[in-house]
*Asks:* 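Handing you a structure now.
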Amino acid sequence: ESMKYTIIRRVKFSHGTDYVNVIKEADTFEEAMKFKVAAEMLESKDSENVIQILINTDDAFDFTSKPLVLTDEVKQAS
């Protein structure tokens with residue numbers, strides 16, 4: 001199973017408690033970035049809402065414990 005990315009809108013309130021709304025879930029970081037940028041574009045100019053990408057810490061641990069193979073970098077070096 002691959003790592004999932006959750007795109008959220010965080011609404012900040014003056015009394016300190018934030019309201020979090022899930023916008024979308026993505027399968028890749030690139031897809032998550034596209035959703036994040038699109039959501040930010042839909043926010044009004046004076047909005048104080050924050051669009052964020054969240055990951056599950058268990059998924060992140062599994063993802064970072066696997067070796068990273070840099071195939072493109074290896075091709076460029078040879």
*Asks:* Of all residues at least two apart in sequence or in a different chain, which pass the ring pair (Phe, Tyr, Trp, His ring centres under 6.0 Å) check with Phe13?
*Replies:* His15
*Asks:* Who else is in Ile8's hydrophobic cluster (ILVMFWY, side-chain heavy atoms under 4.5 Å, direct or via others)?
*Replies:* Val20, Val22, Leu54
*Asks:* Just grab all the salt bridge (Lys or Arg N to Asp or Glu O under 4.0 Å) pairs involving residues 11-21, residues at least two apart or on different chains.
*Replies:* Arg10-Asp18, Lys12-Asp18
*Asks:* Sequence neighbours left out, cut at 3.5 Å: what donor-acceptor pairs do the side chains of residues 27-43 make with other protein atoms?
*Replies:*
from, atom 1, to, atom 2, distance (Å)
Asp27, OD1, Lys4, NZ, 2.4
Thr28, OG1, Glu31, N, 3.0
Glu31, OE1, Asp27, N, 2.9
Lys36, NZ, Glu40, OE2, 2.5
Glu43, OE1, Ser47, OG, 2.8
Glu43, OE1, Asn49, ND2, 3.0
Glu43, OE2, Arg9, NE, 2.6
Glu43, OE2, Arg9, NH2, 3.4

*Asks:* Return the set of residues passing side chain to side chain donor-acceptor pair (under 3.5 Å) with Asn21 (not counting sequence neighbours), or none when no residue passes.
*Replies:* none
*Asks:* If I take atom OH from residue Tyr5 and atom CD1 from residue Ile55, how far apart are they, to the nearest 0.5 angstrom?
*Replies:* 7.0 Å
*Asks:* Residues in side chain to side chain donor-acceptor pair (under 3.5 Å) with Thr17, at least two apart?
*Replies:* none
*Asks:* For the CD atom of Glu25 and the CD1 atom of Ile23, what is their distance to the nearest 0.5 Å?
*Replies:* 13.0 Å
